[in-house]
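Right, one structure below, let's go through it.
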Amino acid sequence: MKKATAIAPSNIAFTKYWGRKDNILRLPTNGSISMTLSDLLTTTTVEFSPDYQKDQVTINGGGIEEGEAKRVIKHLDRVRNLSGINFKAKVVSKNNFPAGTGLASSASGFAALTLAATAAAGLNLSEKDLSILARQGSGSACRSILSGFVEWLDRNTSQTSYAVQIFPPDWWDIADVVAIFTEEKKDVSSNVGHKAAQTSPFFKTRIVRMKEKNRKFKEFIKERNFDKFGQLLEQEALEFHAITLTQTPYLIYWTPGTLTTMKLTRVWRNEGLEVYFTVDTGQNIHLFVEGKNIKKLVSELKKLDGIKNIIVNTPGEGTRLSGNHLF
Ligand code: PMV
């Protein structure tokens with residue numbers, strides 16, 4: 001049987017997917033807009049073979065938790081169903097960044113698994129079909145299939161809920177500078193968080209505003225209006241965290257490092273460095289600047305106590321095949 005390897009990027013949501021109208025199919029309550037990241041990558045090799053007695057999954061050189069393994073095997077089953085292949089598979093995957101810390105490792109992970117497994121099974125799916133399949137493994141993974149600036153369409157069925165490119169990577173010279181403070185894994189996965197989002201008394205209020213926010217993001221990206229883009233980015237991040245903080249049970253993802261940096265962005269702006277933040281379900285913070293300001297921001301970040309790593313991402317390429325197999 002054929003062996004296939006895929007490299008998939010993570011992505012950062014400008015408008016967040018939080019809460020679902022269908023938990024099994026992973027249909028989100030709202031559409032979302034993201035940027036594919038150039039430097040946060042997962043590489044995955046998959047091989048189906050009659051020689052394997054069971055599915056084996058290795059991530060970053062080690063085994064994985066039972067729940068995670070089940071989710072991967074379920075995804076392999078989807079590919080087996082589509083292709084008619086019944087063999088078990090060997091999956092080896094590695095990230096070039098810490099998993100489970102708010103850097104969307106499930107997005108890059110399931111995007112890479114989707115392309116590697118379908119190619120290994122001899123399928124040649126379109127971007128749309130890869131996006132639909134990736135979404136069923138992890139919602140945000142459907143956006144990681146595409147390059148540049150991406151929209152996950154607001155639709156009601158599995159076959160229509162997928163992501164499309166809205167602008168190519170070279171459309172806009174901006175960067176997402178990720179500041180890593182701790183590499184500890186978060187204690188509640190976003191998969192669990194989504195299911196409780198609707199318990200927040202503010203959930204409905206948020207959802208009513210999402211269509212207009214998505215429309216505005218597309219307009220600001222089209223106009224390359226960094227100031228308006230950045231203000232909306234922060235507003236949306238805070239509205240999203242207002243839901244996580246008020247759902248039952250509540251989720252507090254920020255650590256002192258996150259909060260200090262959030263507050264600092266305003267100080268830096270007052271000093272003339274135009275920078276805006278967004279934060280996902282984890283402690284690490286994403287800071288947006290125009291290309292000309294990357295160096296200045298990185299030198300400010302290096303001065304901070306407790307900073308472990310800084311990763312500069314530009315609008316990146318989507319999920320692709322690679323000839324460099326991991327086994
Ligand atoms: O795809 P999941 O289940 O890991 O959820 C992603 C949730 C956020 O990262 C917080 C938002 C998003 O749209 O990526």
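Counting convention: from 1, in listed order, for ligands and their atoms alike. For the single chain, residues carry numbers from 1 onward in sequence order.
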Which of the numbered atoms in ligand 1 are under 4.0 angstrom from any heavy atom belonging to [X]?
| X | result |
| --- | --- |
| G139 | 1 (O) |
| F240 | 10 (C) |
| S140 | 1 (O), 2 (P), 4 (O), 6 (C), 14 (O) |
| A13 | 12 (C), 13 (O), 14 (O) |

Charged N-O contact under 4.0 Å between [X] and [Y]:
| X | Y | result |
| --- | --- | --- |
| K70 | D55 | no |
| E274 | R269 | no |
| E219 | R215 | yes |
| K74 | D77 | no |

Compute the minimum heavy-atom distance from [X] to ligand 1 and say whether it is under 4.0 Å.
| X | answer |
| --- | --- |
| W152 | no |
| S138 | yes |
| R143 | yes |

Any N or O of [X] closer than 3.5 Å to N or O of ligand 1:
| X | value |
| --- | --- |
| N191 | no |
| N11 | no |
| D280 | yes |
| T281 | no |

Taking ILVMFWY side chains as joined if any heavy atoms are under 4.5 angstrom apart, and letting links pass through other members, which residues group with L41?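 Besides L41, the cluster holds I7.
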How does the hydrophobic cluster around I73 look, that is, which other residues are in it when side-chain heavy atoms under 4.5 Å mark a link?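 Besides I73, the cluster holds no residue at all.
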Could you tell me if W18 and Q247 have a donor-acceptor pair between their side chains, going purely by distance under 3.5 Å?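 Their side chains do contain a donor-acceptor pair, which is all the 3.5 Å distance test asks for.
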Could you tell me whether the side chains of N11 and T36 share a donor-acceptor contact shorter than 3.5 Å?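 T36 and N11 do not have a side-chain donor-acceptor pair below 3.5 Å.
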Residue-level breakdown please: for S106 versus ligand 1, do any non-hydrogen atoms fall below 4.0 Å on the side chain, on the backbone, on both, or on neither?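 For S106, only side-chain atoms sit under 4.0 Å from ligand 1.
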